[in-house]
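Data first, discussion second: the structure below is written as structure tokens.
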Amino acid sequence: MAKKNKNEVLEKAKKQTESSKQKNTNGQQSATDYYKALDKGFLLKSLRYMVLARAIDTKAMNLLRQGKTFFHIAGAGHEAVQVAVGINLNSKKDWLFPYYRDLAVTLCAGVTPYEFFLQCYAKADDPSSGGRQLPCHWGSDGRINLPSQSSPTGTQFLNAVGAALASVKQKKDSITYVSSGEGTTSQGEFHEAINWASREKLPVLFVIENNKYAISVHVSEQSGGKNNSIAEMMAGYENLFRARIDGTDFYQSFNKISEAIEYIRSGNGPALIEADVVRLQSHSSSDDQKKYRAKEELDAEAAKCPVETTAKRLISEGHLTKEEFENLKKEIAAEVDKAADEAFKSADPKPENAIKYILDESGTADNLEYESSQPSGKPIVMVDAINHALHEEMERNDKMYVFGEDIADKKGGVFTATKGLSTKFGNDRVFNSPLAEASIVGVAAGMSLTGLKPVIEIQFGDYIWPAFMQYKDEVATFRYRSNNAWPAPVVTRVAVGGYIHGGLYHSQNIESIFAHIPGILIAYPSNAADAKGLLKTACRLNDPVLFCEHKGLYRQSFATSPEPDENYLIPFGKAKVVREGSDVSVISYGVSLWDSVIASRKLSDEGYSVEVIDIRTINPLDEETIYNSVKKTNKAIVIHEDTYTAGFGAEIAARVSEACFQYLDGPVRRIAAKDSHIPYAPVLENAVLPGREQIYKGIKELIEY
Ligand SMILES: Cc1ncc(C[n+]2csc(CCOP(=O)(O)OP(=O)(O)O)c2C)c(N)n1
């Protein structure tokens with residue numbers, strides 16, 4: 001249906017029910033009759049979408065049986081509520097975070113059958129991922145607000161909240177749709193999302209399609225909600241519109257979804273619709289539900305088929321004849337066959353493109369002007385340099401938002417890195433988040449998809465792990481999995497490191513674990529000027545950045561430097577030779593860099609010549625500076641504070657061994673923390689973390705090797 005017609009029908013429906021409306025914050029009473037205003041054309045169009053979704057499911061399963069494709073997840077049985085949602089949204093304006101079973105939603109949003117089959121066959125022109133993702137992982141090439149979906153159940157909820165938050169911040173009149181099955185509501189991120197959305201009355205439509213099974217696990221084993229109900233489970237949220245509906249009944253679904261959307265659009269807050277649906281096919285093409293569901297149960301569900309029941313009602317109301325319905329199914333089946341045939345002929349992706357778009361390839365980083373001046377301002381400690389970088393970048397870019405735990409004034413962050421920002425730029429752009437790291441990162445990712453620039457704080461590296469799924473499976477993969485359409489360039493500032501007597505849990509280094517993930521840049525500055533220059537660059541890049549700030553360096557005198565000006569940017573991937581020397585190359589960063597410098601001074605007094613390199617960024621790594629140094633000194637030692645085994649030093653050592661083998665006059669050595677957690681008592685902490693004496697001796701030993 002043309003958008004204009006659809007909107008006219010909805011407008012008419014809205015007007016007709018205006019008089020009978022009551023305020024409804026718990027969704028238990030229905031006071032609206034939106035569907036009564038639906039005309040024949042609109043109803044038939046809705047049925048058409050349902051039939052189309054079913055025909056695509058059927059075709060996709062046939063292709064699988066023929067060995068032409070590898071995977072499908074059918075939405076069969078969910079179509080009625082999905083169409084009720086899809087026809088109520090405008091995918092150019094609203095944001096859609098559907099889940100894998102939401103085929104009918106995406107068809108209503110504008111995904112064509114041809115595009116579906118491009119995805120099914122993993123073709124190069126597949127607009128959702130260019131053949132990079134499993135089928136039924138919806139996405140667009142950017143023409144509609146359908147960001148790429150991933151596979152982890154539940155991560156989408158926080159991304160959706162982020163998109164909704166962005167639309168509120170940008171004063172856009174859009175709502176965000178997000179869905180899942182009932183099993184996924186056991187994930188913490190679902191609850192975090194409802195909490196954030198309710199707290200801020202965000203325009204989010206949560207739809208839970210309850211087909212009673214999460215693969216083979218029945219909802220009775222899954223949910224703590226009264227009557228196994230997700231809607232009832234969420235009863236405590238004041239601003240949340242809640243309703244449980246028969247999602248196989250198009251009329252009831254349309255009614256309640258319309259009511260929920262009106263509640264949301266009126267600024268009352270989010271809505272949660274639990275739609276009881278039937279799962280007419282197995283969980284996925286890899287599953288066989290006959291192995292764990294009784295025949296009687298499956299037969300009973302088949303009788304509730306929403307396509308058939310909707311058609312039956314339309315026939316009984318005189319909108320359609322039986323014959324017309326049969327013809328419609330045939331006509332659509334032919335249309336689907338044609339779309340599949342066309343898609344099959346489309347080109348396959350090229351293997352040489354397999355590693356494209358892990359990071360931004362637009363040239364943004366290359367086009368920045370770096371080190372346009374030398375730092376020459378008043379001496380500044382590292383934490384203040386970070387603070388100034390944030391102030392300056394907020395001033396420059398009104399799309400930049402800063403949030404995290406305790407970051408707003410008067411506290412201004414537990415280390416005062418964000419001091420003064422909320423006072424200067426207001427609580428709209430600088431705000432405290434809930435105490436929930438996955439929320440911080442997931443919401444930031446969602447905001448970034450809409451074009452905003454979130455620069456978030458994780459209070460301690462030790463507490464980044466609740467957000468790890470968001471980093472590993474969302475932030476890092478968005479650009480890649482969407483074939484460059486949906487980057488998520490979130491900047492995360494995180495306080496890391498030990499030597500501050502905070503063990504166990506205020507002491508960890510995290511860079512090696514993140515270095516293992518393609519798609520995230522990592523900076524680890526060792527002084528104030530580098531911190532400012534690198535952070536400012538991070539704020540201007542179009543990639544996700546993990547910005548490690550060592551707490552022990554925040555106010556350390558030797559990490560103090562003259563302050564660079566507001567145009568000072570440092571490129572990622574450019575190491576600094578801190579001391580020149582000829583006997584050995586010390587490769588380091590963070591606090592260990594300073595311990596290495598101190599050791600090298602002592603060794604210099606003894607007549608040795610030590611070259612010290614501060615790598616400054618872990619990803620990208622400046623291999624050139626390292627290799628040039630090793631080729632000159634013929635010896636290399638990597639020194640860092642993180643644990644030894646699989647620490648980032650292992651990576652550097654391996655690369656040096658490979659690239660400089662013929663130049664080496666000794667083994668590539670590493671000094672790192674013991675493979676232990678970091679204990680509290682200073683005497684214990686010192687026994688675990690690398691110390692100055694150990695570093696001094698280690699370097700000397702290698703020189704004398
Ligand atoms: C975090 C995570 N854990 C496990 C899985 C594997 N998995 C995929 S779908 C699914 C069941 C989801 O059930 P539900 O949310 O009820 O949705 P339904 O498939 O029934 O529509 C599971 C366990 C996953 N994709 N992600």
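Because only heavy atoms are used, hydrogens play no part in the values below, and waters and symmetry mates are left out as well, while side chains stay in. We count ligands from 1, going down the list as the structure has it; atoms in each ligand are counted the same way.
Between Tyr471 and Phe468, the ring centre distance reaches or exceeds 6.0 Å. Checked against a 6.0 Å centroid threshold, the rings of Phe190 and Phe157 count as neighbours. Here the two rings, on His137 and Tyr100, have centers that are 6.0 Å apart or farther. Ring centroids of Trp138 and Trp486 are separated by 6.0 Å or more, keeping the two rings apart. Less than 6.0 angstrom separates the ring centroid of Phe254 from the ring centroid of Phe42.
Which of Ser186, Ser216, Ser223, Ala214 comes nearest to atom 13 (O) of ligand 1 through a heavy atom is settled by distance: it is Ala214.
In the vicinity of Gly183, heavy-atom distances shorter than 4.0 Å reach the ligand 1 atoms 14 (P), 15 (O), 16 (O). For ligand 1, the atoms lying closer than 4.0 Å to a non-hydrogen atom of Gln187 are 1 (C). Residue Met469 approaches ligand 1 through these ligand atoms, each under 4.0 Å from one of its heavy atoms: 1 (C). Residue contact check: Thr153 has heavy atoms under 4.0 Å from atoms 1 (C), 2 (C), 3 (N), 9 (S), 24 (C), 25 (N), 26 (N) of ligand 1. Atoms of ligand 1 found under 4.0 Å from any heavy atom of Gly181 (numbered from 1 in listed order, with element): 14 (P), 15 (O), 16 (O), 17 (O).
Side chain to side chain, Glu405 and Ser433 fail the donor-acceptor criterion of an N or O pair below 3.5 Å. Checked by atom type, the side-chain pair Ser253/Tyr251 shows no donor-acceptor distance below 3.5 Å. At a cut-off of 3.5 Å, with distance as the only test, no side-chain donor of Asp246 or Gln252 sits close to an acceptor on the other residue. Side chains of Thr155 and Glu189: a donor-acceptor N/O pair is absent below 3.5 angstrom, by distance only. Remark: the Asn159 side chain and the Gln470 side chain contain an N/O donor-acceptor pair separated by less than 3.5 Å.
Every heavy atom of Gln222 sits 4.0 Å or more from the atoms of ligand 1. Heavy-atom distances between His283 and ligand 1 reach below 4.0 Å in at least one pair. Look at Ser180 and you'll find every heavy atom at least 4.0 Å from all atoms of ligand 1.
Of the protein's heavy atoms, none falls inside 4.0 Å of atom 6 (C) of ligand 1.
For Thr645, the side-chain contact (heavy atoms from CB on, under 4.5 Å) partners two or more places apart in sequence, or in a different chain, are Asp675.
Shortest contact from atom 23 (C) of ligand 1 to any protein heavy atom: Ile215 CD1, 3.8 Å. Nearest to atom 9 (S) of ligand 1 among the protein's heavy atoms is Tyr100 OH, 3.0 Å. Considering only non-hydrogen protein atoms, atom 15 (O) of ligand 1 sits nearest to Thr184 OG1, 2.6 Å. Protein heavy atom in closest approach to atom 20 (O) of ligand 1: Tyr213 O, 2.6 Å.
Checked by distance only, ligand 1 and Pro152 stay at 3.5 Å or farther apart across all their nitrogen or oxygen atoms. Inclusion of Asn211 in the set of residues having an N or O under 3.5 Å from an N or O of ligand 1 is warranted. The distance criterion of under 3.5 Å between nitrogen or oxygen atoms is not met by His78 with respect to ligand 1. At a 3.5 angstrom cut-off on N or O pairs, Tyr99 counts as close to ligand 1. For the pair Ser151 and ligand 1, the shortest N or O to N or O distance falls below 3.5 Å.
Both the backbone and the side chain of Glu182 come within contact range of ligand 1, each with a heavy atom under 4.0 Å.
Among residues at least two apart or in separate chains, salt bridge (charged side-chain N to carboxylate O under 4.0 Å, His left out) pairs with a member in residues 123-137 are Lys123-Asp348.
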